[in-house]
K.L.:
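What follows is a single structure, and I will ask about it in a moment.
Numbers restart at 1 for each chain; the letters A, B, ... are given by sequence-line order, proteins then strands. Quick caveat: nothing in here was measured; it's all calculated off a predicted structure.
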Protein chains: 2
Amino acid sequence: MNKTVTTDMKRASQLLKLLGDQTRLTMMKLLQSHDCCVCEFVEIFKMSQPAISQHLRKLRDIDLVKETRRGKWIFYSINEEHKDYPFIQGILEHLPEQDELVTELEAQGLRICCE
Amino acid sequence: MNKTVTTDMKRASQLLKLLGDQTRLTMMKLLQSHDCCVCEFVEIFKMSQPAISQHLRKLRDIDLVKETRRGKWIFYSINEEHKDYPFIQGILEHLPEQDELVTELEAQGLRICCE
DNA sequence: CCATCATATAATTATATTCTTATGTGTGCA
DNA sequence: TGCACACATAAGAATATAATTATATGATGG
């Protein structure tokens with residue numbers, strides 16, 4: 001048996017389907033280096049707040065991300081304890097950094113900071 | 001810049017969407033160890049021939065697989081020259097072997113052999 | 001304790017996906 | 001040369017997905 005096996009085919013295809021959306025995939029890549037709150041994502045993706053919320057919900061429903069309230073905002077972060085996180089991580093490693101998106105936010109003064 | 005970057009976000013999400021289907025994902029995993037023809041997939045997945053054909057078409061449309069005619073059959077195989085093959089390979093490595101499916105076929109005498 | 005801000009949920013619509021059935025195409029063999 | 005087999009394509013229906021608009025929730029700060 002292959003030691004790198006971490007998941008069965010059904011779970012794997014469900015995970016890949018979730019990542020098979022440019023918005024969610026970029027969210028996950030971004031979250032690897034920066035926790036973000038919903039309103040930041042709204043700015044970054046130029047998408048309505050409910051649309052963002054719904055993408056985050058899908059990621060949360062299978063525990064890929066967790067949420068933490070900080071002041072008025074709810075910050076999302078990667079759940080590194082997820083059983084399939086090594087699998088996800090392997091995928092994200094192949095993708096270009098998306099830090100630029102956060103840098104732009106900061107330049108516009110839209111980055112949320114909770115002391 | 002990250003040396004492991006192989007693809008941009010749009011292409012990556014398209015690839016992941018294609019793999020985000022259990023049938024296609026299993027096809028890809030299977031093809032890593034065995035070339036297969038359409039009628040074998042029909043048996044393996046207990047799915048109609050047009051349904052199989054359509055899945056294979058999607059994989060072929062982005063050049064993930066290639067086809068070769070051998071006698072009456074058209075065999076599909078992985079296109080290892082694909083620009084994103086290392087990315088795909090990284091994903092498939094995490095999945096359990098699917099050889100059993102082919103073994104079963106052989107046991108039923110349904111495996112196609114061309115001399 | 002009330003108003004506001006950030007976020008979530010619901011309902012709806014538009015579009016994409018995946019299957020089925022029907023039919024077309026092309027190769028090999030009688 | 002024509003029939004049968006393997007496969008592809010087309011058309012249509014059922015379902016899933018992802019957006020929008022409208023509304024609800026819930027914490028915070030005044």
K.L.:
Rounded to the Å, how far apart are A:Met47 CE and D:dT17 C1'?
P.N.:
13 Å
K.L.:
Does CD in A:Glu106 sit with more than 12 non-hydrogen atoms of other residues, nucleotides or ligands closer than 6.0 Å?
P.N.:
yes
K.L.:
Checking salt bridge (charged side-chain N to carboxylate O under 4.0 Å, His left out) for the pair A:Glu81/A:Lys66: CA distance, chi angles, key distance, verdict?
P.N.:
CA-CA 10 Å; A:Glu81 310 301 318; A:Lys66 11 175 221 185; 5.9 Å; no
K.L.:
Which value, rounded to the nearest 0.5 Å, describes the distance between A:His94 atom NE2 and A:Lys29 atom NZ?
P.N.:
10.0 Å
K.L.:
Please determine, for the side chain of B:Ala51, which listed nucleotide (C:dT17, C:dC19, D:dA18) has the closest atom?
P.N.:
C:dC19
K.L.:
Please confirm whether the shortest side-chain N or O distance from A:His55 to OP1 or OP2 of D:dA19 is below 4.0 Å.
P.N.:
yes
K.L.:
Enter the distance from A:Leu59:CG to A:Leu31:CG here, rounded to the nearest 0.5 Å.
P.N.:
8.0 Å
K.L.:
State whether A:Asp63 and A:Lys83 are salt-bridged, where the test is any N-O pair (Lys NZ or Arg NE/NH1/NH2 against Asp/Glu carboxylate O) under 4.0 Å.
P.N.:
no
K.L.:
From CZ of A:Arg70 over to C1' of C:dC5, roughly how many Å is that when rounded to an integer?
P.N.:
18 Å
K.L.:
So among B:Glu43, B:Glu40, B:Glu104, which one has a salt bridge (Lys or Arg N to Asp or Glu O under 4.0 Å) with B:Arg111?
P.N.:
B:Glu40
K.L.:
If I take atom CG in residue B:Asp21 and atom P in nucleotide D:dT17, what distance separates them, rounded to the nearest angstrom?
P.N.:
11 Å
K.L.:
If a protein heavy atom is under 4.0 Å from the base, mark B; if only from the sugar-phosphate, S; if neither, -; do that for nucleotides 4-16 of chain D going 5' to 3'.
P.N.:
-SSBBBB------
K.L.:
Whether A:Lys58 contacts D:dA18 is assessed here as follows: a side-chain N or O lying under 4.0 Å from the phosphate OP1 or OP2. Is that the case?
P.N.:
yes
K.L.:
Between C:dA16 atom C1' and B:Gln14 atom CD, what is the distance in whole Å?
P.N.:
13 Å
K.L.:
Does a side-chain N or O of A:Ser48 approach OP1 or OP2 of D:dT20 to a distance below 4.0 Å, or not?
P.N.:
yes
